[in-house]
Amino acid sequence: MTDVAGSECGCLTPAGPVRALARPGLTPVAGDWAVLSGPDLLTVLPRQTVVRRGRGPDDVRGEVLAANADLVLVVQAFTPELTPARTEKLLALATAGSAMPVLVLSQLDRAPDGAAARSVLADLAVLAESCPGTPVLGLSTAPGYLGLQRLRTLIAGSVTAVFGEPGCGKTSLVEALTGTAPAGTGGAHLVPLPGGGAVIDTPGCDPDAPDWLAERYLSRLRAAQRARWRAASVSRRRLRPLAGGA
């Protein structure tokens with residue numbers, strides 16, 4: 001599925017792209033695999049991963065933006081406004097959908113200098129402690145800046161969702177990676193990558209809005225971290241040598 005507009009869906013098939021109409025009750029999203037019969041979309045196959053955003057503090061299900069992504073690029077502009085809380089929330093939403101998150105620091109050509117840059121980097125160091133193992137890439141789509149080729153290598157052959165707040169540079173990044181501007185507005189759009197794979201450009205996610213889904217995931221993550229810390233602390237106490245070296 002490349003895009004969805006109401007009940008009409010764009011689909012990639014062995015014969016090429018087609019438009020299909022989803023049966024009543026189906027809610028396909030970009031990235032879905034589906035069964036077609038002529039111009040009719042009969043069913044959506046089970047999703048392996050999802051990219052989801054909450055729609056308020058009481059929303060327990062959230063809105064699925066994209067499906068079946070292997071990687072989720074959590075794009076954040078490298079500015080003084082970048083904070084651990086906002087980034088952690090987006091990483092939580094990406095991780096909760098079972099895909100592998102990658103933190104992408106965009107717009108490095110506009111990065112702050114001196115103390116402001118050190119402050120942002122210090123905040124990211126704090127964030128890394130709560131999200132261990134998450135790859136971090138810095139890049140700019142402006143001519144002459146590095147980082148884009150490393151990202152191309154990372155996502156080659158994969159389905160990659162691009163996720164972040166409005167204005168962080170998501171769509172510019174998709175254009176730089178695919179050489180094509182995503183068609184349409186308002187929803188997610190899947191664009192094939194040259195050489196294999198695809199990128200899904202998703203709508204912006206407000207990192208400052210209350211989000212029950214993100215808070216639930218983060219509370220579980222923090223509880224697991226506390227449990228690991230307590231277990232490690234108990235283990236260290238048990239291994240402590242006796243007084244006098246006995």
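- Using modelled atom types, no side-chain atom of S37 and backbone atom of L42 make a donor-acceptor pair closer than 3.5 Å.
- A 4.5 Å side-chain heavy-atom check between C11 and L36 finds at least one atom pair inside the cut-off.
- Here the closest heavy-atom approach between residue D32 and residue A67 is recorded as OD1-CB, 3.4 Å.
- Residues V199 and L73 share a hydrophobic cluster, clusters being chains of Ile/Leu/Val/Met/Phe/Trp/Tyr side chains in contact below 4.5 Å.
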request  = Give the C-alpha distance, both sets of side-chain angles, the deciding distance and a yes or no for side chain to side chain contact (heavy atoms under 4.5 Å, CB included) between N68 and L45.
outcome  = CA-CA 10 Å; N68 300 316; L45 300 182; over 6 Å; no
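- Looking at V162 and V75, their side chains come closer than 4.5 Å, going by heavy atoms from C-beta outward.
- Counting heavy atoms from C-beta outward, E165 and K170 have side chains that stay 4.5 Å or more apart.
- Here the shortest heavy-atom pairing between A69 and A99 reads O-CB, 3.4 Å.
- In plain terms, the two heavy atoms of T95 and P101 that are nearest each other are OG1-CG, 3.4 Å.
- When every heavy atom of V4 is checked against every heavy atom of P28, the shortest pair comes out as CG2-O, 3.4 Å.
- Both L154 and V191 belong to a common hydrophobic cluster when Ile, Leu, Val, Met, Phe, Trp and Tyr are linked at side-chain heavy-atom distances under 4.5 angstrom.
- Under the 4.5 Å side-chain heavy-atom criterion for ILVMFWY residues, a single connected hydrophobic cluster contains both L103 and L90.
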Worked verdict on R47 versus V64 for side chain to side chain contact (heavy atoms under 4.5 Å, CB included) = CA-CA 11 Å; R47 294 163 177 163; V64 177; 4.0 Å; yes
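- Here the CD atom belonging to E63 is positioned 10.5 Å from the OG1 atom belonging to T27, to the nearest 0.5 angstrom.
- Of the residues T160, L71, T134, the one that meets the side chain to side chain contact (heavy atoms under 4.5 Å, CB included) test with M100 is L71.
- Looking only at side-chain heavy atoms (C-beta outward), L12 and P192 come within less than 4.5 Å of each other.
- Scanning both residues, C205 and P166, for their nearest heavy atoms gives O-CD, 3.8 Å.
- Residues L177 and L148 form a side-chain contact, since some pair of their non-hydrogen atoms from C-beta on lies under 4.5 Å apart.
- Hydrophobic clustering (side-chain heavy atoms under 4.5 Å, transitive across Ile, Leu, Val, Met, Phe, Trp, Tyr) groups L65 together with V74.
- For the pair V72 and T49, the minimum side-chain heavy-atom distance is 4.5 Å or more.
- Note that OG of S106 is 11.5 Å distant from CG of L137, once rounded to the nearest 0.5 Å.
- Between Q107 and G167 the shortest heavy-atom distance is NE2-O, 3.5 Å.
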task = Determine, step by step, whether R19 and D3 satisfy the side chain to side chain contact (heavy atoms under 4.5 Å, CB included) criterion, reporting the C-alpha distance in whole Å, the side-chain angles of both residues, the deciding distance to 0.1 Å, and the verdict.
result = CA-CA 10 Å; R19 304 299 296 181; D3 63 278; 3.2 Å; yes
request  = Report the C-alpha distance between V159 and I200 in whole Å, list the side-chain angles of each, state the deciding distance to 0.1 Å, and finish with yes or no for side chain to side chain contact (heavy atoms under 4.5 Å, CB included).
outcome  = CA-CA 7 Å; V159 177; I200 305 175; 4.0 Å; yes
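- Atom OG1 of T178 is separated from atom CZ of R152 by 9.5 Å, given to the nearest 0.5 angstrom.
- T141 is not listed as a side-chain neighbour of E175, based on a closest heavy-atom distance of 4.5 Å or more.
- The CG atom of L105 lies 8.0 Å from the OG1 atom of T87; values are rounded to the nearest 0.5 Å.
- V102 is not connected to L190 by any chain of hydrophobic side-chain contacts under 4.5 Å among Ile, Leu, Val, Met, Phe, Trp and Tyr, and they are in different clusters.
- Under a 3.5 Å cut-off, the side chain of R53 and the backbone N or O of G204 do form a donor-acceptor pair.
- L151 CG to L139 CG: the interatomic distance, rounded to the nearest 0.5 Å, is 6.0 Å.
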